Every structure is written in structure tokens, then in C-alpha cells.
Amino acid sequence: MTVQLRKVSADENDTRLDRWLKRHVPALTQGALQKMLRTGQIRVEGKRAEANTRLLAGQEVRIPPITENPLAKLPRAPKPVDERDAKALERMVIYKDHEVLVLDKPHGLPVQGGPNITKHLDGMLDALKFEAEDRPRLVHRLDRDTSGVLVLARTVGAAAKLAAAFRGRDVEKTYWAIVIGEPTPPAGRIEMALARTGGPRGERTVPAEPGDRDAARASTDFRILDAVRRRAAWLEMKPLTGRTHQLRVHAAEALGCPILGDGKYGGQAAHLEGLPNQLHLHARALRLPHPAGGMLEVAAPLPPHMKESFAFLGFEVPRTPKPRRGA
């Protein structure tokens, strides 16, 4: 092999150098990458660079000869997506352009794999390539039992920009939940630090103890949209931070009103006779910066089990607005 000089494409703008290299040179191990950066064999625009260097469109990257490692474990090729699953995934699409794909993720579908999970969204993304050469990329997550808006990036550059937006506070997230009881006051901001506890497959998020060094700040805005005689309430919840199970713990522990169907954090108190015993938490809408400029607003309709509960409780199901991209 010889030295290669490759240019960064427009859709790879703002990508980290190490991620760019892993994509273009799959045989490059982490150890070899670090050594080549340390010794200056990998260069950007003729200059030494670090693994976390952000690349700009049009820059030239020097890649030295890479020796194939016959013992290296190559990533497994994804299994072909079943035709019925592929059609189901296509029906989930609620917005699509050259850089962004938005799905209405159903309740019960895991986003990624894990113990005892054989079918998950990440393993079926080849079915959502459409006219693009590459499969779309996850830029954020939803719990298995949370339904609603899920954003995917269709290019490397879009993935970097969207991931940065989700890491910061540039994305406005709106969730709907049905909770047991009626919170008092009817609106406000929850400030309750959270911590993770337990081991593999038994992890839980809990309110952090004072002075807990592992505590993570967690903030949620909430307001009641409707209620039924203190029996149940329909909440709008807007997380200002992104902790694991944040909304579920804030509802159960800070408000004293567990989300309907959330046995993990509400126990038996999270059930109402006559209503589906499924988690009633829905990612209703997102407003986020579009990678190409402007703001994208997209919303997802209620899943079937929540529609059933809305009808039972007498809550009026509002119209779902069409996706909108503007300034």
C-alpha cells in the first residue's frame, strides 16, 4: 500500500478525525491510530493532528500505508432485514430529506441491542437507506417502551451536527405522559439530581443523596394539560437535561405521581383498572436545528394504547401538526 491523500467531503464537515478514519480505513486499529497520530504519520493539511480534531470540508488528510491485521475481528455484516420489518420501518417515517430522517418509534421496539434483545432498530437501519449510499445513524435514544419522535442522520456531517445539538441545549423536547393522581402545583420545574444504581440488567435511576459525587443534575418542566378528579392527569413534560429514565423518576419521586404502566418506578401504584398496562410516555415533539440551517419541528401521533387510555379518561386527542422547517 502507498500513502493516500483524501479530501473531506461536504457532508463530513465537523467530523472528528478518529471517526472519519474509522469510516474510511476499517482495518485501522485504535492502537495503530494512536501511534500514527503520535508520530505524525497521519496529518491534516500537512500538519500534525489529534484524534479529536474536527475536520472541515475540503481539507486533505494524509493516510500512511495500513497493514491488514489477519487476526483483527472485522465487524459482522448486518443481517438482511425481513421484508415485513422493512415495510413496517418505512411506515414509521414521518419526515425525510437529504440529511435528516425522523421516525415515529412504536412502543416496545428497542432502539439498540442488549441482553435478550434480538430485534432492534439499529440492526435494521439498512432498510431506511432509500436513495442514499450509507445507512442512517442514530443521534439520540428512546427507551424501548417510550414511543414517539426519533431522529436519524443520513450523512456523517449531519450526524455530527445533530449529535452536538442533542448534547447541548439546542433541542426542545416535548413529552406527553398520563400519570396516576394529579400533581400539585399544576405546573413548575423539577430540580432533582439523579444517580444510577444496581448492576448489569438491574440498573435503576434513583434520586441522588446529598453529597453524592456520582449525582447528575436533572431538570424537567411540567404542566397539567387535563385531569380526571385527581385520579389521573395528562402531563406535558419538557426535559432540560437528558438523564436515563429522568421523566419516569421525576414523575414518581418528585411529583409523587408515577407514569401509568411504569411498574419499574411506580410498582402497583402505576396501574389503573381498565387501562392498558403499558408505559404511557410518548415523545410527542422535537424542535431542533436542521444541519442545513433553520429549525425543524416534527410531532408524532399518540400510540394505540395511549389513544385507548385518552378515550377512557375523556381526554381529547389533539391534531398532530405536519413537520415544519423554518427560520
Side-chain angles (χ1 to χ4, degrees), residues 52 105 107-117 120-122 138-151 162-185 187-224 233 235-271 277-284 286 288:
N52 62 357
K105 188 192 85 68
H107 169 279
L109 174 64
V111 172
Q112 291 184 297
N116 302 319
I117 296 176
H120 52 86
L121 178 63
D122 193 35
L138 296 167
V139 293
H140 70 124
R141 310 287 184 269
L142 289 178
D143 290 343
R144 180 207 299 242
D145 293 329
T146 301
S147 58
V149 178
L150 184 72
V151 177
L162 289 169
F166 276 96
R167 284 196 303 271
R169 300 187 64 173
D170 298 326
V171 179
E172 181 180 324
K173 308 171 187 177
T174 301
Y175 288 75
W176 283 352
I178 296 179
V179 299
I180 306 297
E182 188 174 341
T184 303
R189 175 169 295 179
I190 302 166
E191 294 280 3
M192 175 184 278
L194 302 174
R196 295 287 284 170
T197 186
R201 302 173 66 178
E203 297 90 344
R204 289 175 61 87
T205 299
V206 297
E209 297 291 337
D212 187 344
R213 299 177 65 179
D214 294 326
R217 174 178 167 270
S219 304
T220 303
D221 285 341
F222 75 95
R223 66 184 178 112
I224 296 177
L235 290 192
E236 176 186 85
M237 305 184 79
K238 293 190 174 187
L240 306 180
T241 52
R243 312 307 175 198
T244 302
H245 295 171
Q246 174 177 319
L247 299 183
R248 297 167 66 178
V249 179
H250 276 179
E253 299 292 340
L255 299 180
C257 298
I259 296 175
L260 177 60
D262 190 4
K264 184 179 183 78
Y265 292 104
Q268 290 300 314
H271 306 300
N277 189 24
Q278 295 166 290
L279 184 69
H280 285 58
L281 180 61
H282 178 63
R284 167 63 172 179
L286 283 178
L288 68 160

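What you see below is based on every heavy atom in this structure, not just the backbone, and it leaves out hydrogens, waters and symmetry mates. Everything quoted here is computed from the prediction, not taken from an experiment.
Residues meeting the side-chain contact (heavy atoms from CB on, under 4.5 Å) test with Ala164, sequence neighbours left out: Arg167. Annotation: side-chain contact (heavy atoms from CB on, under 4.5 Å) contacts of Ala165 (sequence neighbours excluded): Asp170, Val171, Pro289. By the side-chain hydrogen bond (donor to acceptor under 3.5 Å, both in side chains) test, Ser219 is found to be paired with Glu191, Arg217, residues two or more places apart in sequence or in another chain being considered. Qualifying salt bridge (Lys or Arg N to Asp or Glu O under 4.0 Å) partners for Asp221, counting only residues two or more places apart in sequence or in other chains: Arg189. Taking Asp122 as the reference, Arg135 meet the salt bridge (Lys or Arg N to Asp or Glu O under 4.0 Å) condition, with sequence neighbours excluded. Under the salt bridge (Lys or Arg N to Asp or Glu O under 4.0 Å) criterion, Asp145 pairs with no residue, sequence neighbours left out. With sequence neighbours excluded, the residues forming a salt bridge (Lys or Arg N to Asp or Glu O under 4.0 Å) with Arg223 are Glu236, listed by chain and number. The side-chain hydrogen bond (donor to acceptor under 3.5 Å, both in side chains) search around Arg196 returns Thr205, not counting sequence neighbours. Arg284 pairs by the side-chain hydrogen bond (donor to acceptor under 3.5 Å, both in side chains) definition with Thr320, not counting sequence neighbours. Evaluation of the side-chain hydrogen bond (donor to acceptor under 3.5 Å, both in side chains) rule for Tyr265 yields His245 as partners, not counting sequence neighbours. Every side-chain contact (heavy atoms from CB on, under 4.5 Å) that His140 has, sequence neighbours left out, goes to Leu150, Val151, Phe166, Leu286.
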Original post:
Should Glu203 and Thr197 be marked as a side-chain hydrogen bond (donor to acceptor under 3.5 Å, both in side chains) after you check the CA-CA gap, both sets of side-chain angles, and the distance that decides it?
Top reply: CA-CA 6 Å; Glu203 297 90 344; Thr197 186; over 6 Å; no
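One distance of note links CG of Leu279 with OG of Ser147; it measures 8.0 Å at 0.5 Å rounding. If you take NE2 on His107 and CD on Gln278, they are separated by 4.5 Å, rounding to the nearest 0.5 Å. Here Tyr175 contributes atom OH and His282 contributes atom NE2; the two are 10.5 Å apart, rounded to the nearest 0.5 Å. Interatomic distance, CD1 of Ile180 versus CG of Leu255, reported as 13.0 Å (0.5 Å rounding). Residue Arg204 holds its CZ atom at 12.0 Å from CG of Leu194, rounded to the nearest 0.5 Å. Atom NZ of Lys173 and atom CG of Leu142 lie 9.0 Å apart (nearest 0.5 Å).
In this structure, Ala195 and Asp212 approach most closely via the heavy-atom pair CB-OD2, 3.7 Å. Between Arg243 and Ala218, the shortest heavy-atom distance links the atoms CG-CB, 3.8 Å. Smallest separation of non-hydrogen atoms from Ala251 and Met237: CB-CE, 4.4 Å. Smallest separation of non-hydrogen atoms from Cys257 and Pro183: SG-N, 3.8 Å.
Between Val249 and Val206, every side-chain heavy-atom pair lies at or beyond the 4.5 Å cut-off. Residues Val111 and Leu138 have side chains in contact (heavy-atom distance under 4.5 Å, counting atoms from C-beta outward). For the pair Pro110/Ile117, a side-chain contact is recorded, criterion being any heavy-atom separation below 4.5 Å from C-beta on. Inter-residue side-chain proximity for Val179 and Pro258 is flagged as unmet; no heavy-atom pair is nearer than 4.5 Å.
With Lys105 contributing its side chain and Thr146 its backbone, the two residues share a donor-acceptor pair below 3.5 Å. Between the side chain of His250 and the main chain of Met192, a donor-acceptor pair closer than 3.5 Å is present.
Residue pairs meeting the salt bridge (charged side-chain N to carboxylate O under 4.0 Å, His left out) criterion with at least one partner in residues 244-255, sequence neighbours excluded, are Asp143-Arg248, Arg248-Asp262.
Screening Thr220, Ile224, Leu281 for a side chain to side chain contact (heavy atoms under 4.5 Å, CB included) involving Leu235 leaves a single residue, Ile224.
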